[in-house]
Structure formats: structure tokens, C-alpha cells
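As C-alpha cells, the structure follows; a few thoughts come after it.
Numbered from 1 within each chain, the chains take letters A, B, ... in sequence-line order.
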Protein chains: 2
Amino acid sequence: MLKDKVSGTTRNRHSQRYSKGADTRRQLLEVAIIAFGESGYASVTTRQIADTAGVALPAIQYYFGSKEGLYLACAEEIVGRYKTTTSETAQFAYTLLKRSVAPSEARDLLKRIFSGLTTLLVTSENSQLWATFVAREIREPGPAFEILFNNLWKPGTQLVAELVARAKGQQQADEEATIDALLLIAALVPFQTGRPIATRTLKWRQIGDAQREKILAAINRQIDRIAASKASAA
Amino acid sequence: MLKDKVSGTTRNRHSQRYSKGADTRRQLLEVAIIAFGESGYASVTTRQIADTAGVALPAIQYYFGSKEGLYLACAEEIVGRYKTTTSETAQFAYTLLKRSVAPSEARDLLKRIFSGLTTLLVTSENSQLWATFVAREIREPGPAFEILFNNLWKPGTQLVAELVARAKGQQQADEEATIDALLLIAALVPFQTGRPIATRTLKWRQIGDAQREKILAAINRQIDRIAASKASAA
DNA sequence: GACGAAATCTATCAGATGATAGACTTTTTA
DNA sequence: TAAAAAGTCTATCATCTGATAGATTTCGTC
């Protein structure tokens with residue numbers, strides 16, 4: 001038997017009897033994140049996942065309790081991976097925010113962050129997979145909404161909003177800066193969630209390094225424009 | 001019997017025997033657009049639609065042939081409504097584009113268009129319903145993709161791209177202008193597709209007139225910023 | 001008023017889906 | 001080496017889902 005169906009961390013209490021299941025569990029998670037991300041919770045069947053993962057159907061119930069349990073486990077797995085990937089930059093940014101930040105400094109850090117985000121969400125094959133999972137759950141709140149909102153979205157938008165405010169010469173993010181931050185983050189949507197239509201509209205066959213540069217240039221233009229409009233009507 | 005299952009326009013050929021079904025058909029469409037828009041094709045069951053519409057289950061097969069037929073009919077219905085709603089502004093814009101347009105003129109027209117779009121997609125209750133339908137099909141191409149892409153998305157983005165180019169002092173939309181246009185359109189996403197998370201991030205309880213003004217102000221800021229950056233590195 | 005097309009209904013089917021039962025296999029431990 | 005835990009499998013269940021069959025009702029036409 002298995003105790004904690006969701007996190008699955010309760011194994012090897014004081015003497016592990018037999019543990020090979022970690023591989024199967026990981027394999028199921030891997031396949032499920034991709035499948036749920038591509039097609040959504042309702043469209044994916046447990047049989048599809050089990051078949052693709054190369055395991056028998058009841059393995060899902062065995063390791064995750066239910067289809068929904070598997071879905072939640074995917075979200076937790078993603079949060080873990082994301083935090084690992086972005087911890088350096090995030091740490092640096094939070095440290096910076098504690099002291100007074102010059103507008104140009106905030107602007108450059110914004111560019112740096114969005115360069116990383118573009119790579120993470122648009123270019124890198126591996127992260128596209130879970131990025132679609134997150135994007136879907138964020139725009140259509142489901143069982144995993146809270147965990148993704150609190151761990152990914154909320155800290156991310158807050159950071160961007162604070163930096164936008166600094167770039168505009170303010171000391172703290174107000175509502176206007178937060179809205180600008182949302183629009184800036186939304187600039188990634190066409191190339192992540194909206195990839196099929198963006199490539200078609202721009203007549204791109206793929207999004208490679210050349211395209212990545214053009215996207216980044218457009219986002220940097222937008223950051224520069226925000227920074228340039230320092231004294232806003234308030 | 002009924003001939004054309006999808007468009008359903010083949011009735012009353014030369015002498016209509018008996019026709020009450022138009023009401024039922026309309027009612028099914030109305031309910032289906034909302035349901036598909038809210039939850040997506042796979043998550044909605046034909047029974048849900050039939051029950052909500054207050055008709056028996058086989059009515060869907062009778063009028064639309066199949067669930068997918070109903071879905072396609074929804075898309076056609078939406079295209080019709082959208083064209084009706086936006087034809088004035090669109091006509092005006094296309095006429096304008098035929099002659100040389102001053103940057104300030106293009107900028108103002110952009111603002112006017114996005115003011116209308118914001119009302120259409122964000123404020124107005126009626127259009128939110130089908131807007132979610134369109135947004136979903138656009139980002140996850142399904143059976144109705146082609147019709148929505150060709151009739152709504154393509155002409156819309158082309159128009160915005162041309163105006164963005166003019167606002168930047170160019171005579172024609174190049175790739176950079178098209179990307180800027182995509183980012184501008186993407187600015188609506190947080191408040192349409194991303195409404196639940198945007199309201200939560202901004203601590204808004206609803207999106208009323210006050211919020212609409214703030215959104216519009218942010219979009220206008222972005223348009224002004226684009227127009228201000230006329231001489232871009234090319 | 002009778003005929004027939006149009007429309008709507010009840011009942012049912014075949015397949016898919018999430019979940020479970022229970023037998024069998026693998027590995028650890030004592 | 002035998003007991004026990006962990007893991008995996010086949011077979012099956014109950015339910016849901018899209019679709020169909022076929023009877024019944026509605027209403028314009030002649």
C-alpha cells in the first residue's frame with residue numbers, strides 16, 4: 001500500500017521494503033503533464049495516459065488515487081520544477097527590491113526577466129509542455145488553481161508590477177503599474193498559448209532563435225516605452 | 001425532414017408546410033454558444049445543452065446532425081453576429097486605409113477600435129459569451145477554426161497591423177508592425193480570457209464602467225507609446 | 001376533415017470512461 | 001527460505017455519452 005496519494009513522499013518511513021514504483025510514478029506524471037497541458041482535463045482519458053506511459057490502467061489509481069489526484073500531482077510537480085528553474089533570478093530581484101532601485105536598473109532587470117521567461121515559455125521545448133498546463137489552469141480555474149496561483153502567478157506578477165513601478169519612477173506598485181504589468185505579461189500569450197495562430201499570422205514555420213529575437217525585441221520595445229512614459233497622469 | 005443540417009437555410013422553399021422549428025434551433029444555438037464557450041467542446045454534454053434549452057435530446061441531431069454540427073453552427077452564428085456589430089467601424093477603417101493616413105489619424109482610429117473592442121469583449125455581457133467561444137477555438141484549433149480565423153481573426157489583425165504601421169509613420173505593415181499589433185491585441189486577453197485572474201490580481205470585484213476606463217487608459221497608453229516610437233531601428 | 005410533412009418525444013443502443021476486485025509477480029527482510 | 005510488503009496485471013463494473021429507432025403530436029395544405 002501507499003500512504004500519501006498526492007505527494008507520495010511518505011514512503012521509506014524507517015525501512016523501505018520495496019520501492020521500484022518511483023519510476024512508474026514519474027513516468028505517469030511526465031506523460032500526464034503533457035497530455036493535460038495539450039488537451040485539458042476533460043479531453044484526456046486515463047487510458048491514454050496509462051498507454052502512453054506504458055503501464056496498466058490501475059496504476060493511476062494506485063499512485064494518485066484518482067484522475068483528479070493525478071492532475072493535482074502534476075501541478076505540484078510543475079511548481080517544484082518552476083521554482084528550481086527561476087530561483088536564482090527571483091532571489092536576485094527580491095534582494096534588489098529591498099533597497100531603492102533606479103528606473104534604468106528596474107528596466108534592465110525587467111528585460112532580463114522577460115528574456116528568461118521568453119526562453120522558458122516560448123523557445124525551450126521542455127517547458128512549453130508544462131507551460132500550457134499552467135496557462136490552462138490559470139485561465140480556467142480547476143482543482144489545481146490555488147496551488148498554481150499562489151506559487152507561480154501571484155509572486156510573478158507582483159515582482160513584475162513592482163519593477164514596472166520602479167521603471168516608471170515610482171516607489172511602489174499602484175493599480176496602474178499592476179495593469180501595465182498584466183499587459184506586459186500578456187505580451188507572451190500570443191507566442192505561448194496563441195502559438196499556432198501567431199505563427200500563422202506572421203507566416204513563421206517555427207519559433208527558433210531568429211523568431212525568439214524578434215519577439216524579445218518587441219517586448220523590449222514595450223518595456224522601453226513603459227519606462228519612457230515616466231510621469232503618468234495621476 | 002430537414003435538408004441543410006448546418007446552415008438550415010433550405011427551409012421554406014416555395015411553400016412552407018409547417019415551420020416552428022426555427023425557435024428550437026435558435027434556442028439550441030443560444031445555449032450551446034454559452035456552454036461551449038464556458039467549458040469547451042469536450043466538457044459539454046449534449047444532454048446539458050438539451051436540458052438547458054428545454055428540448056429533448058434528439059433535437060440536436062435533428063437540427064444539426066451531430067454535436068460537432070452544432071458546434072460548427074455556433075461558429076457560423078457568431079461570425080454573423082460579429083460582422084453585424086462591427087461592420088460600420090470596419091467599413092470606415094478600410095475606406096480610410098485606401099488613401100494616405102496621417103500617424104495621428106491612425107493612432108486615433110486605433111484608440112476608437114480598441115474602445116469598441118473593449119466594450120465588446122470585456123464589458124458587454126452578451127458578447128462575453130461568444131467571445132470565450134472564439135478565444136478558445138482560436139487558441140486550440142478545432143472543427144470551427146478555419147471559419148473563425150478567416151472571418152474574424154485574420155481581417156481583424158490585418159487591420160490593426162496596418163493601423164499600427166501608419167501610426168508609426170510607415171506606409172505598410174511589416175513584420176515588426178504585425179508583432180506590435182499582436183501584442184496590442186494580446187492586451188485584451190487578461191480582461192477577457194484571463195478575467196478571473198485579472199480581477200483577482202487587481203482586487204476588482206467586477207468589471208464595470210470604472211474598470212473599463214482603467215483598462216482603456218492602459219491600452220491607450222500602449223497605443224500612444226507605439227505611436228511615439230516612430231523611428232524604429234530597421 | 002383528412003392527408004402528410006415537420007417537429008418532438010420516450011426508450012434504447014453501442015461504445016467509452018473512471019474506478020475497483022482480486023489474482024499474480026517482484027523484491028525486501030528476517 | 002518463507003513471510004510480507006510493494007507493485008503490476010487482467011477482468012469487470014457502473015455510469016455516462018453521443019446517437020438512433022420508432023411512435024406520437026402539431027399544423028399547414030388540399
Per [X] side chain, nearest of listed nucleotides [options]:
X	options	value
B:Thr24	D:dT17, C:dT8, D:dT10	C:dT8
B:Pro58	D:dA21, D:dT17, D:dG7	D:dA21
B:Gln61	D:dT8, D:dG18, C:dT17	D:dG18
A:Lys67	D:dG7, C:dT10, C:dA19	C:dA19

Nearest-Å distance for atom pair [atom1]/[atom2], residues [X] and [N]:
X	N	atom1	atom2	value
B:Tyr62	D:dT25	OH	P	17 Å
B:Asp23	C:dA6	CG	P	17 Å
A:Asp51	D:dC9	CG	C1'	13 Å
A:Tyr41	C:dG18	OH	C1'	9 Å
A:Gln48	C:dG18	CD	C1'	13 Å
B:Glu68	D:dT17	CD	C1'	16 Å
A:Tyr71	C:dG18	OH	P	14 Å
A:Arg25	D:dT8	CZ	C1'	17 Å

Under a 4.0 Å N-O cut-off, is there an ion pair linking B:Arg26 with B:Asp23? yes
Go nucleotide by nucleotide along DNA chain D from the 5' end; which of A:Arg47 and A:Ala59 gets its closest nucleotide reached first? A:Ala59
At under 4.0 Å between heavy atoms, what does A:Leu57 touch on the DNA or RNA strands: base, sugar-phosphate, or nothing? base
N/O (side chain, A:Tyr63) to phosphate O (OP1/OP2, D:dT8) under 4.0 Å: yes
For D:dT17, does either OP1 or OP2 sit under 4.0 Å from a side-chain N or O belonging to B:Thr46? no
Against the six-membered ring of A:Phe36, is A:Arg136 placed for a cation-pi contact (under 6.0 Å from the centre, within 45° of the normal)? no
In short, A:Thr52 meets A:Gln27 closest at the heavy-atom pair O-NE2, 4.5 Å
Assess the side chains of A:Trp204 and B:Glu175: does a donor N or O sit below 3.5 Å from an acceptor N or O? yes
Could you walk me through whether B:Glu137 and B:Tyr71 satisfy the side-chain hydrogen bond (donor to acceptor under 3.5 Å, both in side chains) test, starting with their C-alpha distance in whole Å, then the side-chain angles of each, then the deciding distance to 0.1 Å, before giving a yes or no? CA-CA 11 Å; B:Glu137 185 71 12; B:Tyr71 191 74; 2.4 Å; yes
